[in-house]
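What you see is a predicted model, and the numbers here were worked out from it, not measured in a lab. First listed ligand is number 1; within each ligand, the first listed atom is number 1.
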Amino acid sequence: MPHSDADNPETPDSCGFLSQFGKSEESTEWHSPAPVGYQRGKTKFVVVIGTVMSGLGKGIFASSLAKLIKDKGLSVDPLKMEGYLNIDSGTLNPYRHGEVFVLADGCETDMDLGTYERILSQDLTRKNFITAGQVYTDVLERERRGGYLGRDVQMIPHVTGIVKMRLRELAMSGNSGKQADIVFVEVGGTAGDYENGFYIEALRELAFEEGPESTCFVALTYILEPSILGEQKSKAAQLGIKRLMEAGIQPHIVACRAKNPVTDKVMEKIAMFSNVPLKRIFSMHDRESVYAIPEEMRAAGLDREILTILNLHGRTNPAKEDVARAAWLEFSRKIFAPRKHRIELALTGKYAALRDAYASIEKALEHCAIALNCEIRTRWIDTSELLDDAQTAAALEGVQAVIVPGGFGQRGVEGKIRCVKWARTNKVPFLGICLGFQMAVIEFGRNVLGLAGANSTEFEPNCAHPMIAELPDQKKLEGIMGGTMRLGGQDVALDAGSLASFLYGNKLDMRERFRHRFEVEPKYVARLQEAGMRFSGRHPKFPIMQLLELPQSMHPYFTGGQFHPELTSRPLGPNPMFMGLVAAGIASREPEFALTETGRRWVRPNARAVTTA
Ligand code: GLN
């Protein structure tokens with residue numbers, strides 16, 4: 001067979017799909033690759049496609065649904081399909097697209113993956129994220145290797161073939177380590193977009209090939225309610241769903257986003273025009289909290305309908321569901337309960353105008369607020385406007401905690417350094433994240449060690465004291481080649497007896513996620529330590545400073561991580577760096593505060609002696 005690669009597990013015949021038609025690749029129009037060992041029909045697919053418009057909360061909808069099903073004891077794997085040609089989200093500007101979310105394996109993704117990780121409480125990998133850029137690159141590289149057996153390479157079946165391959169690969173080697181029960185697909189954009197047309201076509205093919213009861217298509221639509229009419233109108237939704245049907249996809253379920261509960265009249269109209277029975281049309285109107293959505297879906301019977309469509313009722317585990325549901329209900333109940341404590345916290349960023357740029361930080365704070373029974377008021381501060389110490393003091397006056405978050409580029413950096421100085425000298429609890437950690441080192445260098453020219457080579461390549469620098473040799477030690485960023489999960493060794501170790505439950509190691517190019521120049525470490533700064537979290541083998549703190553004799557709570565703790569915070573498992581910060585903020589106002597309701601201590605004994613010193 002010319003050009004075929006017998007050892008390649010992706011050889012089309014290996015899946016047996018072609019043999020079902022009794023033909024080989026060359027003599028057929030079929031092209032439907034699947035990994036070796038893939039069992040057709042074993043994994044089910046739930047596909048969420050938006051119509052009418054974007055911004056409907058498709059990610060929240062799909063992740064809530066996936067959670068509801070996962071809680072029943074089924075293994076789920078989400079797949080976000082992006083229409084853009086970028087290979088990943090690494091080069092996207094957070095000001096336009098929201099934050100870049102980094103997975104444990106270092107893949108830089110859309111912020112929606114963060115929503116999935118948090119709601120599902122599950123670590124994802126690069127297999128859970130696909131972009132048009134990845135798909136086309138794959139097709140073109142394969143073509144150059146002669147992977148298409150002399151055929152002309154086309155959108156259908158070759159580009160769609162790659163998409164199906166990725167779906168089946170994910171199904172095969174999902175997060176659970178075995179072939180997943182359900183893959184949840186979220187198609188980016190809306191039906192009718194140029195960018196996602198090949199995804200929708202691939203999903204149509206997939207549903208056909210996988211067979212009956214294999215795929216459940218959910219159309220997420222929007223019901224308009226123009227204020228001049230004062231009533232809901234279904235036409236835009238009808239047209240949107242029609243668009244999907246023109247692409248050969250008959251939705252099984254229609255979920256209607258709307259401001260108010262969708263009326264029977266509107267649902268009947270949609271049922272009539274879309275061939276979907278009324279009981280499979282759901283009102284997904286605005287709720288007070290996104291955490292209430294899984295339970296609302298359950299009450300409406302959305303999970304039941306999906307299990308029926310996919311013939312999965314026999315695979316659920318009701319006992320498991322009871323436990324998972326009780327924990328989630330307890331969590332969502334606390335959201336609206338009045339809070340015992342209150343703090344005001346400053347988030348001092350560059351993208352303060354666009355909150356999506358700090359979505360995971362906001363979520364991490366929300367997780368802590370609920371766990372610590374504390375109302376957190378966030379003061380958003382644009383550091384590019386802080387031109388001197390007096391302005392900084394005026395902007396920060398009255399807050400009980402300061403976060404200097406991550407970032408790239410010069411703008412706002414001096415303002416961030418002023419914020420660190422204010423928090424350090426006023427003994428206000430402080431957390432520096434990534435760039436914020438680096439700013440804490442520079443601030444200490446300038447104002448405690450007296451190194452006037454201290455800076456990062458990111459901002460001043462020829463500065464007198466490059467305390468933060470790009471260190472290619474150091475990266476080589478770790479085996480980071482080519483790419484200059486240190487990305488993804490890394491081990492951090494913690495000093496015994498340190499604040500860091502206390503926060504991580506007296507452990508001596510932990511793992512967090514990184515995304516940085518610059519780091520602490522090791523030759524300054526001894527001087528920083530002599531003056532009191534402690535690098536209590538390091539790389540287990542190399543001189544890479546990963547976590548810093550000031551001792552209790554100097555400050556009640558001053559920490560920073562070269563990593564991004566916000567990426568691993570979960571509703572039922574808040575990140576320790578944030579818990580420590582918020583708890584210290586509460587303790588600065590309420591001297592008796594030490595233990596949380598769960599009995600876990602988040603404020604070190606004696607910490608307050610310093611607060612009042
Ligand atoms: N710009 C800094 C670096 O590349 C910090 C990065 C960040 O905050 N994510 O090292």
- Message: Quick one, Q490 with H539, criterion side-chain hydrogen bond (donor to acceptor under 3.5 Å, both in side chains). Give me CA distance, side-chain angles, the key distance, then yes/no.
- Response: CA-CA 8 Å; Q490 306 277 351; H539 188 283; 4.9 Å; no
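- In E519, neither the side chain nor the backbone holds a heavy atom less than 4.0 Å from any atom of ligand 1.
- In terms of protein heavy-atom proximity, atom 5 (C) of ligand 1 is closest to G407 O, 3.4 Å.
- Considering backbone and side-chain N/O of G406, none are found under 3.5 Å from N/O of ligand 1.
- No cation-pi contact links R424 to W422, judged by a cut-off of 6.0 Å to the six-membered ring centre and 45° from its axis.
- Looking at F518 next to ligand 1, an N or O pair under 3.5 Å apart turns up.
- When the options E458, M439, H564, H516 are ranked by their closest heavy atom to atom 1 (N) of ligand 1, first place goes to E458.
- Counting only non-hydrogen atoms, the option in R515, R486, E470 that gets closest to atom 9 (N) of ligand 1 is R515.
- Both the backbone and the side chain of R517 come within contact range of ligand 1, each with a heavy atom under 4.0 Å.
- At the top of the distance list for atom 7 (C) of ligand 1, counting protein heavy atoms only, stands C434 SG, 3.0 Å.
- Tested against F578 for a side-chain contact (heavy atoms from CB on, under 4.5 Å), the candidates I433, L503, I376, L372 yield a single pass: I433.
- Note: F331 and Y291 meet the aromatic proximity criterion, with ring centroids under 6.0 Å apart.
- Under a 4.0 angstrom heavy-atom cut-off, M485 registers as lying outside contact with ligand 1.
- Judged purely by distance below 3.5 Å, without hydrogens or angles, the side chains of R118 and S63 never pair a donor atom with an acceptor atom.
- Side-chain contact between M81 and L167 is present, with heavy atoms from C-beta onward closer than 4.5 Å.
- A heavy-atom separation below 4.0 Å is found between Q438 and ligand 1.
- Here's the thing with Q562: none of its N/O atoms is less than 3.5 angstrom from an N/O atom of ligand 1.
- Residues E414 and K416 are not paired through a salt bridge, judged by the lack of any N-O separation under 4.0 Å between the basic side chain and the carboxylate.
- In this pair, Y358 and W380 present their aromatic rings tilted. The plane angle is within the 30 to 60° band.
- The N/O atoms of L435, backbone and side chain alike, include one that comes under 3.5 Å of an N/O atom in ligand 1.
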